[in-house]
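Have a look at the structure below before the remarks.
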Amino acid sequence: MDFAPHLFLATLEGAITAAVISLTAVGLSLVFGIMRVVNVAHGEFFMLGAVVAWWVASTLGGHAALGFLAALIIAPLFVGLMAALADRLVLERLNYDLERTIVATIGLLYVIQQVALMTFGPDARPVEAPFDLRIAIPWFEFSDTGVNLIWPWGLATTGYKLAVIAAAAIIVTSIIVFLKRSRFGLMMRATQMDSEMASAFGIPVRRVYCVVFGLGAALAALGAVLIVPIQQAHYLMGGDPLLLSFIVVIIGGLGSLPGTILAAVLIGMSDGIISVFFSPTLAKILATLLVALVLIFRPHGLFGHHTS
Amino acid sequence: MLILAHQSMLEVSNLHAGYGKVRVLFGLNFNVKGGEVHCLLGRNGAGKSTALKAIMGLVKTTTGSIKFEDSELTHLPAHDIPKQRIGLIPQGRRLFSELTVAENLRVGLMTSDTPERQEIRVFELFPRLQERLQQKAGTLSGGEQQMLAVARALCLEPKLLLLDEPTEGLQPTMVALITDAISQLKNDGVAILLVEQHVDTVISVADRVTFVDNGRTVASLKANEFEDNRDIFSTYLGV
């Protein structure tokens, strides 16, 4: 295959990474932006979503699409409720203190990881994609007779991968519309700006925090359910999404949703492309270097605001 | 319950409060009657703003009582206090600066039973805000921001309005506008608890003044006693 179609294929892989990372990073960004909590356990909520998706799909049996659809609803709901419970039992009792919640979420990370290991075991678990559709991608070739349409060998993708990109775009757009247009979205934005004043105007800030923590975790779980037919579920799979989400949130600007989405596309695409042409490790090294540069030259990120 | 003018609406008794381990109030006592403008006066750091925050449940009360009508406010979570129809205009306005004027007002209207009526009332008082509905609050001028802060609190349809230095940093024309708004609210039957440093503003609008020093109530005067007790103003304000 020539370089250009190869690059196109790598870009497509990058778009899938960007799609999933945008979901997990938006969840992390909401939690940090509104609650000022650095959720170190965010990657484990992602892992839990994938493992629960496998459990639901394998328990239900039957057609792959049925199990997948059930997982798509049950896994984020379960993980969101678990996170809301963790908020009530742990974070609220720590009064959402920044330092203490970091330590608490590190503890939560290990608890979730070890419970997943003890319950589901150390093996990678596959989940079948809801539909099996292979799409050959045409390419263009210039010749003396003009532009010819060709079908290079290996230039193909699956319909499911394209569906993941579309689903992530729809979910992220829905979150933005929810924040902008709904009453609860207004409560969330007011709480993000000044939680004390939000309270003074009747907004139940602690309830908002509980919902936001649950929503953040549910978004990570949703990303995991979408990716699990491509990557498989494993109890150690939370590390990469956590690292990439932190990178994205820092580059985009802590608490800035548009910045997070833009950075997710940038980091996801570069991660996908560099992983295909070189190695996934190099992709992570470069992304981490980019974070270092952003922290030096623009500490509040691309779209973040200076906060007192 | 109908609160008659000159009947005690808010009763603050032996109030002790502070921030974490730092205690600020050491037994504050005062009351606000229905339909009156009651002013808390004192030097910076005396505990006036902390008293307002304690009433709103934003500062932890360690001992004492804050009774509004028949409800004990110290037992309520902060977000339930606006439902008692107590509004706050905080020091420095503290608008939701990235939200538009319309969204700031929507936050204020969240606990209102009659949002449409309150919206109309707010635009009657401050017609300029209606022209700025889609503008971000942080981009308004200082005077317009203060109008929005007052309007946002009025959206709660308050029976009691707490104002923390509402004329701070404003030009004289805006100070006059805010003073007029306070008088108009008083005429509408809203009780007002005002923290203010401008003695002239206080004298022009207040029915009663409570002097606060080191977190304690040290003196109290009615409007007809202001002229004969100018020395008390000097003692506790240093003017």
- prompt: Measuring heavy-atom distances to chain B, does R183(A) have an atom under 4.5 Å in its side chain, in its backbone, in both, or in neither?
  reply: both
query: Taking the side chain as C-beta and beyond, is there a heavy-atom pair between F201(A) and M110(B) under 4.5 Å?
result: no
- request: State the CE-CD distance between M193(A) and E98(B), to the nearest 0.5 angstrom.
  value: 6.0 Å
task: To the nearest 0.5 Å, tell me how far I203(A) CD1 sits from H79(B) NE2.
output: 10.5 Å
Is it the case that atom [atom1] in [X] sees more than 12 heavy atoms from other parts of the structure closer than 6.0 Å?
{"X": "Y110(A)", "atom1": "OH", "answer": "no"}
{"X": "K284(A)", "atom1": "NZ", "answer": "yes"}
{"X": "K83(B)", "atom1": "NZ", "answer": "yes"}
{"X": "R298(A)", "atom1": "CZ", "answer": "yes"}

field: Where A200(A) and L88(B) come nearest, the two heavy atoms and their spacing
entry: CB-CD2, 4.2 Å
field: Atom of P82(B), atom of S199(A) and distance for their closest heavy-atom approach
entry: CG-O, 3.8 Å
- request: Tell me, out of V107(B), L109(B), D80(B), who's got the most heavy-atom pairs with chain A below 4.5 Å.
  value: V107(B)
message: Could you walk me through whether R93(B) and M197(A) satisfy the side-chain contact (heavy atoms from CB on, under 4.5 Å) test, starting with their C-alpha distance in whole Å, then the side-chain angles of each, then the deciding distance to 0.1 Å, before giving a yes or no?
response: CA-CA 10 Å; R93(B) 302 182 277 270; M197(A) 274 306 105; over 6 Å; no
message: Before you tell me yes or no, could you show the steps for L99(B) and L186(A) under side-chain contact (heavy atoms from CB on, under 4.5 Å), namely the whole-Å CA-CA distance, both residues' side-chain angles and the distance that decides it to 0.1 Å?
response: CA-CA 9 Å; L99(B) 299 186; L186(A) 182 62; 3.9 Å; yes
query: Please walk me through it: do E196(A) and M56(B) pass side-chain contact (heavy atoms from CB on, under 4.5 Å)?
result: CA-CA 10 Å; E196(A) 196 176 74; M56(B) 293 305 293; over 6 Å; no
